[in-house]
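Please read the structure below before turning to the comments.
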Amino acid sequence: MTDAADSDDRMLSHWRDAFARHLKSEKRASAYTQRNYGATLERFDAFLRGHIGAAATLDHLAALETRDFRAFLAERRNEGLSPPSLKLELSALKTFYKFLKKRADIDNDAIAVMRGPKAKERLPRPVNEADAEALIEAAQTQKTSVRKETWEQARDAALMTLLYGAGLRISEALSLRWGDAPLGETLRIKGKGAKTRQVPVVPAAREAVEAYRKLCPYGGEADGPLFFSTRGKPLSATLAQRTMAKLRAALGLPDSATPHALRHAFATHLLSAGGDLRAIQELLGHASLAATQRYTKIDRDNLIRAYDKAHPRA
């Protein structure tokens, strides 16, 4: 019986489960990361069963070479994965191997030096200032195939004003509690990796949230959600994205006008107005300055377009 248990402890399937618990309980990774990393390891496990002809163990994982990892990525590329998605697959494997090194004393030099395929940099796609204002205004007066109550319109306007006015991720805004309001001049936000930051809240956002709370038929419990669905459940990101899709269609805006585009707009418009890059990094909760520096490229492109349009010699 003990031998069987020891054997199970050496299987990749066992360590996949342990890694999933680690991501959820210790790293407090987002649901998105947990789901994607778990799916990558499930595919990697299935690939190895065919690649080595047996269920993978820790010994197999330690012995894999660069060509083995490249074979897995090649299979995924043949399935239609783009270079950015392949880099995410490789990132999941590297994170898993770092976990194995700490927990199972498994080291693999091949995965440590692997580099993902080069991909064209994808810049954030913010909405411009006028479109951001139009989206918020449309949320207050929206007319859809299913009539919305006044409180729901106020909710959608408050949510979008927060995304644009405070640069929040949709998950961060939806994680706010009823007891967080009335909002003060700053708001304590728990972002990715359970990192907390303080963000200023503009008066328009405070007023929009308070207007929604006065109309909302639910709420009252401090630990309950701030944003509710029609049926009194916590508002989901899917519903918020669906609402945005209807609004952008009504306004004739492109598909890139998403809730996250309002966060991009927050950063871009601050930078255009002379905001300090380090300060914007803190406000967005970016772990590295490199992530924030992408917005400087957008601002540079806007300057070039303005020059080409306005300069008499352009």
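Heavy atoms only: backbone and side chains are in, while hydrogens, waters and symmetry mates are out.
No donor-acceptor distance shorter than 3.5 angstrom exists from the side chain of H14 to the backbone of M11, with no hydrogens or angles considered. At least one donor-acceptor pair under 3.5 Å links the side chain of T95 to the backbone N or O of S91. Between the side chain of R155 and the backbone N or O of F228, at least one donor-acceptor pair lies under 3.5 Å. When atom types are taken as modelled, the side chain of T40 and the backbone of N36 share a donor-acceptor pair closer than 3.5 angstrom. A donor-acceptor pair under 3.5 Å links the side-chain atoms of D180 to the main chain of R177, judged by distance alone.
Other residues, nucleotides and ligands place no more than 12 heavy atoms under 6.0 Å from the CZ atom of R28. Other residues, nucleotides and ligands contribute over 12 non-hydrogen atoms within 6.0 Å of the CD atom of E75. More than 12 heavy atoms of other residues, nucleotides or ligands sit less than 6.0 Å from atom CD of E79.
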Between F44 and F72, is a ring-ring contact (aromatic ring centres under 6.0 Å, His included) present by the stated rule, with each step listed? CA-CA 7 Å; F44 188 57; F72 171 67; 5.1 Å; yes
Q241 and T258: CA distance, side-chain angles, deciding distance, side chain to side chain donor-acceptor pair (under 3.5 Å) verdict: CA-CA 7 Å; Q241 290 160 350; T258 63; over 6 Å; no
Dump the intermediate steps for side-chain contact (heavy atoms from CB on, under 4.5 Å) on L262 and I170, then the final yes or no. CA-CA 10 Å; L262 291 173; I170 184 69; over 6 Å; no
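Ionic pairing of E65 and R70 is not present here: no N-O contact between side-chain nitrogen and carboxylate oxygen is shorter than 4.0 angstrom. Classification of R49 and D45 as a salt-bridged pair holds, one side-chain N sitting under 4.0 Å from a carboxylate O. Here R103 pairs with E26 in a salt bridge; the nearest charged N to carboxylate O distance falls below 4.0 Å. Ion pairing of R43 with E89 is present here, as a side-chain N (NZ or NE/NH1/NH2) and a carboxylate O approach within less than 4.0 Å.
In this view, T238 and S236, R242 satisfy the side chain to side chain contact (heavy atoms under 4.5 Å, CB included) rule, not counting sequence neighbours. For H269, the ring-ring contact (aromatic ring centres under 6.0 Å, His included) partners at least two apart in sequence or on another chain are Y164.
The nearest pair of heavy atoms linking F227 to A158 is CE2-CB, 4.1 Å. When every heavy atom of T66 is checked against every heavy atom of M114, the shortest pair comes out as CG2-SD, 3.5 Å. Listed here is the closest heavy atom pair of A71 and H51: CB-CE1, 4.1 Å.
If you chain together hydrophobic residues whose side chains sit under 4.5 Å apart, L176 and W151 fall into the same group.
Between Y212 and W178, the ring planes lie perpendicular to each other; the angle is over 60°, past the 30° to 60° tilted range. Ring geometry, H264 versus H260: the interplanar angle exceeds 60°, so the pair is classed perpendicular (tilted spans 30 to 60°).
For the pair V209/L162, a side-chain contact is recorded, criterion being any heavy-atom separation below 4.5 Å from C-beta on.
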